[in-house]
Amino acid sequence: MADLPSGFWSGWIIVLTLVSLAGVAWLSISIYFSKDAETQADHEPVWDTDLKEGNNAPPMWWFWMLFAAMIFSLIYLMFFPGLGSYSGLLNWSQGSRVADSYANYEATFADSRQVISDASLEELQNDLDLMATAERIFTRECSPCHGPDGRGQAAMFPNLHDIDWQWGGTPEQIEQSIRQGRNAIMISWQQMLGNDLDAVTEYVSLLSEGNNQSHAGKAGYDQNCVVCHGPTGDGNQLLGAPRLNDDTWLYGGDIDSIRMSLTNGRFGVMPAFDQRLDDVQIKLLVALLAR
Amino acid sequence: MSGLSLHKKIEENAGLLIFGILFVSAIGGLVQILPILNQDSLSTATENTRVYSAVELTGRDIYIREGCSVCHSQQVRPLIAEVERYGAYSRAGEFVYDRPFLWGSKRTGPDLHRVGGKFSDDWHRIHLIDPRSVVEASIMPAYPWLADRDASDTGNISAKLSALRILGHPYSDEDIDNADADLQGIKEIDALIAYLQMLGTGYSEGDSS
């Protein structure tokens, strides 16, 4: 990308550019300042007493414009890359421009970023200005899925304000979720459960009411679901298996939604933001979400 | 010879005049286009850039058909504001398998070159069917029909791959033989999402060039 043409083509560009520039200069100067311009006009044929061809040079301001443009080209080609492999006196490139911008950014904000890096989460949470900044980052990066207020949406993306955390709500766990992303895997249980599917669906919907020892779906649940969701439906944050015995539902808690989850499976994905956000931004987000 | 006598000579010889016009107007192309056609570094794929799979290529065709590039560009410019918002700026080598490239020239919506991996598949599905259900202020039109139409109906995919192979894209016989089967059972929306998820993944920070 930043690399310049080399070898033969570099020379080709240099020669053609300079020769055509010189050609234009010679042509315009020789036309504007030609000694024989007037004498030549005298020799033109004359028809009908005063009709004759002549060469009148365009106005002088036109020449000066052209002249200034040529001078500008030369200066430009001296300082910026343009002549083949010659990179110019300023050594300018697209990549170095971005790098310079970042160096400048770093120099301007290093101190305030250091303050954030050194601060404890609690200090950050008590700083309303920084929390407003964190909310702006949230709006930009997180709100498309989790909603503008972070309360989740589309019966799919988790609410980040409630007490339930699918993957854990400690600052470390939240940071891990942001940095590495999360991939929840609940396969389709249609085949495995077979005829028990409806009974298990109902059993799951009743888990929040506790004692269901005699329910017809318990056997199917104990056999298949316990591994991730636990015997009483407590869930497992290590696996991202949601708690089933409360009234918070990631994909909806009505019978139809639960049946849908069991039939089709659920594959919630939180993308990794390690590459998209820097450490300070992530720390601010963690402080905001752990608040 | 002065400029004027040259002028006179050219004016009086139509053949010379035609040649002169062609030569002068060719200089720009000779300087700017010809060397680039011969500059390998611009047409060499970056390390992680690969050809589109049958599904992704179909998604790309749907992207073109639906006019996504009218509102979304695919070029992150080398400016800090763009790099901060979208990710690493676009490299020439990332577009070697794009025929034609979809850089676009208008951003009614955000740039999409680095959108791959930014959202989950589920989000894309919901967002394409009804953008307002996830982004309240969005002005993007809804594309609900993508979820109803079969991806295999968008054209002869194995013929497309064969044509691209003639142009030098490294598809194997196996890729081409399996192309039709790959599209069985998926909807257009799935193909489009597959394309969106691989956009911009051909380059990561630290790759050369």
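Letters go in sequence order (proteins before strands), and every chain restarts at 1.
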Where on Phe8(A) is there a heavy atom nearer than 4.5 Å to chain B: the side chain, the backbone, both, or neither? neither
Spacing of CZ belonging to Arg97(A) relative to CG belonging to Leu79(B), to within rounding of 0.5 Å: 5.0 Å
Identify, with sequence neighbours excluded, every residue that meets salt bridge (Lys or Arg N to Asp or Glu O under 4.0 Å) alongside Arg50(B). Glu56(B)
Heavy-atom side-chain contact between Leu37(B) and Trp9(A) under 4.5 Å: no
Side-chain heavy atoms of Glu84(B) within contact of Gln281(A), under 4.5 Å: yes
Side-chain touch Met270(A)/Ser120(B), heavy atoms, less than 4.5 angstrom: no
Most heavy-atom pairs under 4.5 Å with chain A, out of Pro35(B), Ser138(B), Ala137(B), belong to Pro35(B)
Would you call Trp123(B) and Val269(A) a side-chain contact if the rule is heavy atoms closer than 4.5 Å? no
Which atoms of Pro148(A) are under 4.5 Å from chain B, going by heavy atoms: the side chain, the backbone, both sets, or neither? side chain
Give the member of Val24(B), Ile27(B), Asn38(B) that has the highest number of heavy-atom pairs under 4.5 Å with chain A. Asn38(B)
Contact class of Leu30(B) relative to chain A, heavy atoms under 4.5 angstrom: both
Is there a side chain to side chain contact (heavy atoms under 4.5 Å, CB included) between Trp12(A) and Val31(B)? Walk through the geometry before answering. CA-CA 8 Å; Trp12(A) 167 271; Val31(B) 172; 5.5 Å; no
Most contact-rich option vs chain B, by heavy-atom pairs under 4.5 angstrom, among Glu141(A), Arg276(A), His146(A), is Arg276(A)
d(Gln39(B) CD, Ser10(A) OG) to nearest 0.5 Å is 10.0 Å
Top contributor to chain B interface from Ser101(A), Pro144(A), Ala154(A) [non-hydrogen pairs under 4.5 Å]: Pro144(A)
Chain A contacts, top residue of Asp121(B), Asp130(B), Asp122(B) (heavy-atom pairs, under 4.5 Å): Asp122(B)
Side chain, backbone, both or neither: which part of Ser28(A) has a non-hydrogen atom closer than 4.5 Å to chain B? neither
Between CD1 of Ile80(B) and OH of Tyr102(A), what distance do you get to the nearest 0.5 Å? 5.0 Å
Are the side chains of Arg77(B) and Gln94(A) in contact, using a 4.5 Å heavy-atom criterion? no
Cut-off 4.5 Å, heavy atoms of chain A, and the answer for Phe119(B) is both
